[in-house]
Amino acid sequence: MIKSSEIADLLLQVRPGYTLPRELYTSESAFIFDTQAVLKSVWLYACTVAHVKKPGDWYVFELANNSVIIVRGKDGEIRAFHNTCTHRGARICNSFKGNNARLSCPYHFWSFGLDGRLLSARGMPESFRKAEHGLRPVALENLGGLLFICLSDSPPPIDRAKADIAQQLALYDLDRLKVAEQCDLIDDANWKLVMENNRECHHCESNHFELLNSLDGSGFGRDFPEDKDGGGETAAKAATSAQRERWRQLGIYQDLIEFPDGWWHRIARLSLAKGAVSQTMDGKPACKKLIWPHGDKEETSLSIWTQPNSWHHFCCDHVVTFSLVPLTEDKTLVRTSWLVHEDAEESVDYDLGNLTSVWKATNYQDRRLAEFNHAGIRSDGYRPGLYSEEERLVEAFKSFYVNTAKASLANA
């Protein structure tokens, strides 16, 4: 049972600029509250259009007891439905992806169209109306090729995030991409700690040697000209300003969008390390077939972060998308997908190991750090700690969580 009074008391203890009370990271009650209230009330990143590329392609997104089928219909439209048969409730899709001309329940073989309509049901009474027993829809929105779902019957607004993200992603045309690899990793840490670790690069220099071959760490709360990180103009900020002038000339630059007006998205065009044009071990493109029109000489990538469960990087030759889902109070699924041009051939245009090596190494390193973090927070010696100036994006995530949690309690 969700202990609302306990959660409310913990939320009252939260201080601006400090980490959360221990129980919000470690207790089963907080996990239940997060998955049954907080995360069901917001838009969650599920997958890309490339994961359901062809008619009949389906993909399953799961959160605690909820399972959602995301499917592309014969008409090309992508829809989402609860993964439960409207006969006696059996789960319909029992792997995480597939392709079928129709969706069939394995229990009594009720059959549904890709648009959710019930097509056949054996032995039902004469009064039965198939039109009244289609799959139950789940809210879905396509944000420039990134697919978001909401499990609430009254989803919050999404128009601002949709417009901002779609505008920036038009350059990469995700409809023309395919999934080259998908990797799942389970971190023995609370989902909020996994997210907090992602929201800063304060730890990068000492832990992410492979990543820093191509990504210099700027843009994660430091070294942007607009960052208030305790210093004046630095060489890194001056270099970023100079690069922005080049990006403006190319027509690819937009001012930093950082959780505007209480919204839940951040979009930044980042500088790469000197000489790097892609997020690979050597900074060179991993795929010969590029996914944007500006060649392979620009030292830049686009990054998008969304609260509360995703981050994404767009390079000249490939895309990397990340999502997380809480499994228990101390286990989190981190799912990473690498996308390349739909015409690219493995071993001809790209080597899978080279394409994935940087972020596979980084994910394992981040898993270790999140697990250290979770283990320490479980201690009786833990007290909420003060964020550094470079960790303001962690504070932004924490504030989003706290505000959403308070709203969920108020609406209960």
Side-chain angles (χ1 to χ4, degrees), residues 2-3 6-7 10-11 14 18-47 60-68 96 148-152 183-200 203 259 264-266 305-312 321-337 359 362-378 382 384-385 387 391 393-409:
I2 300 173
K3 301 176 182 178
E6 175 188 342
I7 299 297
L10 290 169
L11 292 172
V14 177
Y18 283 79
T19 59
L20 296 170
R22 176 175 65 174
E23 290 78 5
L24 287 177
Y25 293 119
T26 62
S27 74
E28 183 181 12
S29 293
F31 167 76
I32 294 171
F33 176 67
D34 288 352
T35 55
Q36 297 301 317
V38 176
L39 295 177
K40 286 171 63 175
S41 70
V42 297
W43 290 97
L44 300 172
Y45 168 70
C47 64
V60 171
F61 175 86
E62 295 185 303
L63 173 67
N65 58 301
N66 283 291
S67 180
V68 177
F96 80 89
F148 288 74
I149 61 105
C150 183
L151 289 160
S152 172
C183 178
D184 287 356
L185 200 63
I186 295 177
D187 294 3
D188 291 332
N190 184 263
W191 73 276
K192 294 186 286 291
L193 295 175
V194 178
M195 284 299 300
E196 290 180 12
N197 177 73
N198 167 261
R199 290 305 192 247
E200 47 93 358
H203 67 276
F259 312 118
W264 41 267
H265 58 292
R266 183 177 192 261
W305 301 261
T306 69
Q307 318 283 37
N309 81 317
S310 81
W311 57 100
H312 317 265
T321 77
F322 307 81
S323 64
L324 64 76
V325 177
L327 301 177
T328 66
E329 64 270 20
D330 58 3
K331 290 188 183 296
T332 303
L333 170 66
V334 178
R335 175 164 288 170
T336 309
S337 298
W359 279 107
T362 303
N363 284 347
Y364 278 102
Q365 292 154 359
D366 279 333
R367 179 174 72 173
R368 177 175 61 92
L369 296 172
E371 290 176 351
F372 289 165
N373 200 183
H374 187 96
I377 286 176
R378 291 181 67 246
Y382 169 76
Y387 295 127
E391 294 170 308
L393 300 181
V394 185
E395 170 70 9
F397 167 73
K398 186 206 75 176
S399 297
F400 174 88
Y401 169 76
V402 170
N403 292 336
T404 306
K406 289 179 177 178
S408 297
L409 285 173

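In this text the structure is predicted, and so the values were computed from the model without any measurement.
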Please test Leu151 against Val68 for side-chain contact (heavy atoms from CB on, under 4.5 Å), starting from the C-alpha separation and ending with a verdict. CA-CA 9 Å; Leu151 289 160; Val68 177; 3.8 Å; yes

Stepwise side-chain contact (heavy atoms from CB on, under 4.5 Å) test for Glu200 and Leu393: CA-CA 6 Å; Glu200 47 93 358; Leu393 300 181; 6.0 Å; no

Do you know which two heavy atoms are closest between Asn190 and His374, and how far apart they sit? N-ND1, 3.1 Å

Identify which one of Val38, Asp34, Leu39 satisfies the side-chain contact (heavy atoms from CB on, under 4.5 Å) criterion when paired with Thr404. Val38

Restricting to non-hydrogen atoms, name the atom on Asn309 and the atom on Met195 that form the minimum distance, rounded to 0.1 Å. CA-SD, 3.9 Å

If you count heavy atoms of other groups shown closer than 6.0 angstrom to CD of Glu28, is the number above 12? no

Table please: side-chain donor-acceptor pairs of residues 325-334 below 3.5 Å, with sequence neighbours left out.
{"from": "Thr328", "atom 1": "OG1", "to": "Asp330", "atom 2": "N", "distance (Å)": "3.2"}
{"from": "Thr328", "atom 1": "OG1", "to": "Asp330", "atom 2": "OD1", "distance (Å)": "2.8"}
{"from": "Thr328", "atom 1": "OG1", "to": "Lys331", "atom 2": "N", "distance (Å)": "3.1"}
{"from": "Lys331", "atom 1": "NZ", "to": "Asp188", "atom 2": "OD1", "distance (Å)": "2.6"}
{"from": "Thr332", "atom 1": "OG1", "to": "Ala189", "atom 2": "O", "distance (Å)": "2.7"}
{"from": "Thr332", "atom 1": "OG1", "to": "Trp191", "atom 2": "N", "distance (Å)": "3.1"}

So does Leu193 get a backbone contact from the side chain of Tyr25, meaning a donor-acceptor N/O pair under 3.5 Å? no

How close do Phe61 and Leu63 get, heavy atom to heavy atom, and via which atoms? CE2-CB, 4.2 Å

Rounded to the nearest 0.5 Å, what separation is found between the OG atom of Ser27 and the CG atom of Leu10? 7.0 Å

Nearest heavy atoms of Phe400 and Pro308, plus distance in Å: CE2-CB, 3.7 Å

Please step through side-chain contact (heavy atoms from CB on, under 4.5 Å) for the pair Leu20 and Tyr401, ending with a clear verdict. CA-CA 10 Å; Leu20 296 170; Tyr401 169 76; 4.1 Å; yes

Spacing of SG belonging to Cys183 relative to OH belonging to Tyr364, to within rounding of 0.5 Å: 5.5 Å

Atom pair CD1/OH of Ile149 and Tyr45 - distance to nearest 0.5 Å: 12.0 Å

Measure the shortest side-chain to side-chain distance between Asn198 and Asp366 over non-hydrogen atoms and say whether it is less than 4.5 angstrom. no

Got a second to check how far Thr35's OG1 is from Glu62's CD, nearest 0.5 Å? 13.0 Å

Is the count of non-hydrogen atoms from other residues, nucleotides or ligands lying under 6.0 Å from Arg368 atom CZ greater than 12? yes

Side chains of Leu11 and Leu409: does their closest heavy-atom pair fall under 4.5 Å? yes

Scan side-chain atoms only and decide if Thr19 and Tyr382 contain a donor-acceptor pair under the 3.5 Å cut-off. yes

Does the distance from a Lys or Arg side-chain N to an Asp or Glu carboxylate O, for Arg199 and Glu196, drop under 4.0 Å? no

Using side-chain contact (heavy atoms from CB on, under 4.5 Å), reason through Arg367 and Asn363 one step at a time and then give a plain yes or no. CA-CA 6 Å; Arg367 179 174 72 173; Asn363 284 347; over 6 Å; no

Is a side-chain donor or acceptor of Lys398 paired with a backbone partner of Val14 at a separation under 3.5 angstrom? no

Fit a plane to each ring of Trp359 and Phe322, take the angle between them on a 0 to 90° scale, and name the class: parallel (under 30°), tilted (30 to 60°) or perpendicular (over 60°). perpendicular

What I'd like to find out is whether the side chain of Lys40 reaches to under 4.5 Å of the side chain of Ser152, using heavy atoms alone. no

Grab the two heavy atoms, one from Cys150 and one from Val42, that are nearest each other, plus how far apart they are. SG-O, 3.4 Å

Once rounded to the nearest 0.5 Å, what's the spacing between atom OH of Tyr387 and atom OH of Tyr18? 11.5 Å

Check whether any side-chain heavy atom of Thr306 sits under 4.5 Å from a side-chain heavy atom of Phe148, and report yes or no. yes

Rounded to the nearest 0.5 Å, what separation is found between the CG atom of Leu24 and the CZ atom of Phe31? 14.5 Å

Shortest non-hydrogen contact between His312 and Ser310, atoms and distance: NE2-OG, 2.8 Å

